[in-house]
**Q** 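I have a structure here, written as structure tokens, and I will follow up with some questions on it.
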Amino acid sequence: MTWSCDGVPKNNPEQYSSSPHSTYENDGQICLMCGLPKEAVVSPGKSPPPPIPVKQILMAVVGVVVIGGGGFGLYKAFSGKTPDSSQTTGEVTSTTSTTAALSGEFLSSKAVSAPLISQGEKILLAGGKADAEKQAGAAAFVGKNWDDAIAKYEAAAKTDANDPETKIYLNNATAQKTGNPLTIAVVVPISASADAAKEVLRGAALYQDQYNKSPTVPGRLLEIVIVNDEVGKTVSIAQDLVNSPNVLGVLGHGIDSSSQDAIKTYETAGLAAISPISSSVSIDAANKATLKLTKLLEKTDEMLKVYLQKVGETVANYANKNHSPAAIAIFYNSDSLYSKQLKELLVAEVPKASGKIVKEVDLKAGATFDAKSAVADVSQAGANVIFMAMGKDQVEQAIAIAQANKETVPPLALMGGSELYNPNTLVKGEDAIKDLVLAVPWRWEKDDPFSKQASEIWQGRVSWRTATAFDATQALTAAVSSNPTREGTVKFLTTGTQISGTAKEFDLLKEIPLVKAVEGKDGPPGSKYQFDAVK
């Protein structure tokens with residue numbers, strides 16, 4: 001049931017700020033024009049809304065944590081190699097920087113890092129089965145022949161329904177044809193990890209498609225600029241986006257020093273950027289959660305710490321429940337802030353769950369590592385659980401640990417963080433990763449509406465990166481559409497926003513979802529295992 005809002009709170013006005021606007025019809029729990037909750041406007045006698053539970057904490061909160069932080073590229077230090085096999089949660093992708101010559105005044109036409117930025121006029125993710133159609137679409141986009149660009153990108157989408165870049169550019173062409181689009185940028189590590197980038201873009205593409213079918217700002221569709229966050233170019237990219245006045249908001253970046261410099265650039269210019277170091281979450285006495293932008297110096301990486309603390313609690317409780325008393329050996333990388341913080345929080349949380357840490361093994365760069373010897377050492381130390389707090393670039397070491405553990409008598413239980421949620425883990429780990437349990441921000445479940453929808457669209461299971469990117473894009477779009485200016489977007493997010501209708505309604509600040517590697521037919525090609533939800 002829809003409800004009308006004019007920006008003036010009717011109930012308990014002293015609790016809310018007033019931002020009068022023309023009457024707008026909403027179907028969610030907040031007004032997308034001003035951000036007022038339904039309960040502030042609709043009187044109790046007019047179908048009062050149900051209370052907003054903690055479950056409606058914006059998935060984007062943790063989404064941007066793992067998308068820009070733990071999810072990929074904390075230090076942009078990946079090898080640049082793409083996996084040799086995959087599923088929808090990450091297929092093989094080769095990349096090129098650009099193929100179509102620029103003309104006209106696209107965002108990248110005056111950008112220093114032009115080859116890394118595209119609205120649809122160049123292909124950043126190449127090597128797929130729809131390359132020919134995509135190149136034709138880019139050529140038409142360059143010439144601003146929108147009808148032809150739409151037709152070519154539609155053809156590409158039919159040829160390769162799993163390619164999010166194609167669908168984003170298709171929507172962009174339609175938005176350009178309609179005129180005066182609402183433009184945001186999504187920064188992803190295409191060169192470093194095309195797999196992770198595509199998973200994120202799938203979520204952004206899903207929400208863009210949903211929004212453009214029913215835009216909240218009449219006559220203005222959502223346009224998503226795809227940006228390849230190459231190592232060493234992060235600050236230059238940020239400046240390019242700042243210098244592009246049509247860009248109203250940015251999604252992406254991590255917690256590394258380059259990302260911090262990029263966020264400073266956005267802050268100075270008044271451009272809203274949702275990232276793990278520019279946002280925070282708070283919960284009031286009524287269990288209402290609010291996402292806000294924060295100054296970089298005020299609460300650096302607060303969200304990451306909150307998320308990782310909950311990972312620590314969830315892992316500690318699960319380990320002690322299933323392997324009581326839990327005796328955990330942690331493998332981590334002190335060169336990675338994500339890995340180091342996760343290790344430290346596990347050390348703090350495990351004793352609270354009546355478990356203990358028996359050994360810490362640092363796999364930092366340059367350290368000699370013998371998996372067989374390391375696993376034997378932790379087993380001798382009395383461990384019954386191995387937790388691998390390692391990054392995406394250490395999947396090979398994680399697999400080596402699993403293989404060595406398989407030969408241990410008795411084998412130890414294996415657990416890990418979201419970075420090991422990777423097709424390579426299932427394919428190369430083979431039987432050694434059976435029963436591996438991972439803590440992830442979101443998990444695919446067959447009866448979950450979002451899982452069904454996304455799986456149908458992308459023709460296979462989607463990952464947590466897709467789900468969290470969907471929610472993060474929703475949050476940023478709500479801010480942009482509330483007042484389509486940079487100033488208005490920043491004001492909206494600084495005040496705080498609540499979003500309902502997220503990909504998965506559960507309290508991420510209560511318990512982190514767990515998945516387990518089990519035998520099944522829905523895993524990546526070359527593996528008989530898949531990740532299923534731990535009930």
Side-chain angles (χ1 to χ4, degrees), residues 78 80-104 106-109 111 113-177 186-206 208-209 223-230 423 457-460 462-463 465-466 469 524-526:
F78 301 128
K81 298 178 181 179
T82 54
D84 55 11
S85 60
S86 160
Q87 65 184 94
T88 306
T89 56
E91 71 273 8
V92 181
T93 309
S94 60
T95 64
T96 59
S97 59
T98 179
T99 49
L102 293 176
S103 67
F106 294 110
L107 187 155
S108 64
S109 61
S113 299
L116 307 177
I117 302 171
S118 179
Q119 292 161 267
E121 76 280 6
K122 68 173 72 69
I123 304 304
L124 300 179
L125 282 158
K129 56 186 177 182
D131 266 7
E133 293 98 326
K134 288 177 70 174
Q135 301 295 353
F141 205 103
V142 167
K144 298 185 179 181
N145 185 339
W146 306 126
D147 288 334
D148 194 28
I150 290 170
K152 295 298 192 298
Y153 278 130
E154 281 181 339
K158 290 178 181 178
T159 300
D160 188 358
N162 192 240
D163 181 7
E165 182 182 34
T166 295
K167 293 190 178 180
I168 288 174
Y169 292 162
L170 170 58
N171 274 313
N172 287 355
T174 303
Q176 286 286 344
K177 179 182 178 181
V186 177
V187 182
V188 289
I190 293 174
S191 296
S193 180
D195 241 15
K198 293 188 78 170
E199 291 173 43
V200 171
L201 292 175
R202 288 190 187 102
L206 275 178
Q208 181 191 31
D209 192 60
E223 177 183 51
I224 295 177
V225 180
I226 300 177
V227 183
N228 177 11
D229 190 9
E230 274 195 356
I457 292 174
W458 300 116
Q459 299 186 353
V462 296
S463 78
R465 293 184 182 90
T466 297

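Residues: numbered from 1 along the sequence shown.
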**Q** Return the CD1 to NZ distance between Ile226 and Lys122, rounded to the nearest 0.5 Å.
**A**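 The distance works out to 11.0 Å.
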
**Q** Considering non-hydrogen atoms only, spot the tightest contact between Ala204 and Ile224 and give its length.
**A**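 Taking every non-hydrogen atom into account, O-CD1, 3.6 Å.
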
**Q** Go through the structure and list residues passing salt bridge (charged side-chain N to carboxylate O under 4.0 Å, His left out) with Lys129, not counting sequence neighbours.
**A**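 With sequence neighbours excluded, Lys129 shows a salt bridge (charged side-chain N to carboxylate O under 4.0 Å, His left out) to no residue whatsoever.
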
**Q** Quick one: list whatever passes side chain to side chain donor-acceptor pair (under 3.5 Å) with Gln119, sequence neighbours left out.
**A**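 Result, side chain to side chain donor-acceptor pair (under 3.5 Å) vs Gln119: Glu223.
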
**Q** Could you check whether any side-chain N or O of Asp229 sits under 3.5 Å from a backbone N or O of Val187, counting only pairs where one atom can act as donor and the other as acceptor?
**A**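 No.
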
**Q** Checking Asn171 now: which residues fulfil side chain to side chain contact (heavy atoms under 4.5 Å, CB included) with it, not counting sequence neighbours?
**A**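 So Asn171 forms a side chain to side chain contact (heavy atoms under 4.5 Å, CB included) with Gln208, Asp209, Asn212.
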
**Q** Where is the tightest heavy-atom contact between Pro164 and Ala205, given as atom of each residue plus distance?
**A**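 So the two residues come closest at O-CB, 4.2 Å.
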
**Q** Who passes side chain to side chain contact (heavy atoms under 4.5 Å, CB included) against Leu170, sequence neighbours left out?
**A**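 Counting only residues at least two positions away or on another chain, Leu170 forms a side chain to side chain contact (heavy atoms under 4.5 Å, CB included) with Ile150, Tyr153, Glu154.
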
**Q** Out of curiosity, Ile123 CD1 to Gln135 CD, how far, rounded to the nearest 0.5 Å?
**A**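 Answer rounded to 0.5 Å: 5.5 Å.
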
**Q** Test side chain to side chain contact (heavy atoms under 4.5 Å, CB included) on Asp160 and Thr166; report intermediate values, then the result.
**A** CA-CA 9 Å; Asp160 188 358; Thr166 295; 6.0 Å; no

**Q** Using side chain to side chain donor-acceptor pair (under 3.5 Å) as the criterion, list what pairs up with Asn145, not counting sequence neighbours.
**A**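 None.
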
**Q** Quick check: closest heavy atoms across Pro189 and Asn228, and the distance to 0.1 Å?
**A**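 Minimum heavy-atom separation between Pro189 and Asn228: C-OD1, 3.9 Å.
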
**Q** Where do Ala114 and Ser108 come nearest, in terms of heavy atoms and distance?
**A**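 Reported closest heavy-atom pair: CB-O, 3.2 Å.
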
**Q** Could you grab the distance from atom CG of Leu125 to atom CD1 of Ile190, nearest 0.5 Å is fine?
**A**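 One gets 4.0 Å once the value is rounded to the nearest 0.5 Å.
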
**Q** Looking only at heavy atoms, which two atoms of Ala130 and Ala156 are closest? And how far apart?
**A**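 Here Ala130 and Ala156 meet closest at CB-O, 3.5 Å.
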
**Q** Which residues satisfy the salt bridge (charged side-chain N to carboxylate O under 4.0 Å, His left out) test with Glu165, sequence neighbours excluded?
**A**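 Glu165 satisfies salt bridge (charged side-chain N to carboxylate O under 4.0 Å, His left out) with Lys134 only.
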
**Q** Mind jotting down which residue pairs meet the ring-ring contact (aromatic ring centres under 6.0 Å, His included) criterion with at least one end in residues 113-150? Sequence neighbours excluded, please.
**A**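 Checked against ring-ring contact (aromatic ring centres under 6.0 Å, His included) - neighbours excluded - the pairs reaching residues 113-150 are Phe106-Phe141, Phe141-Trp146.
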
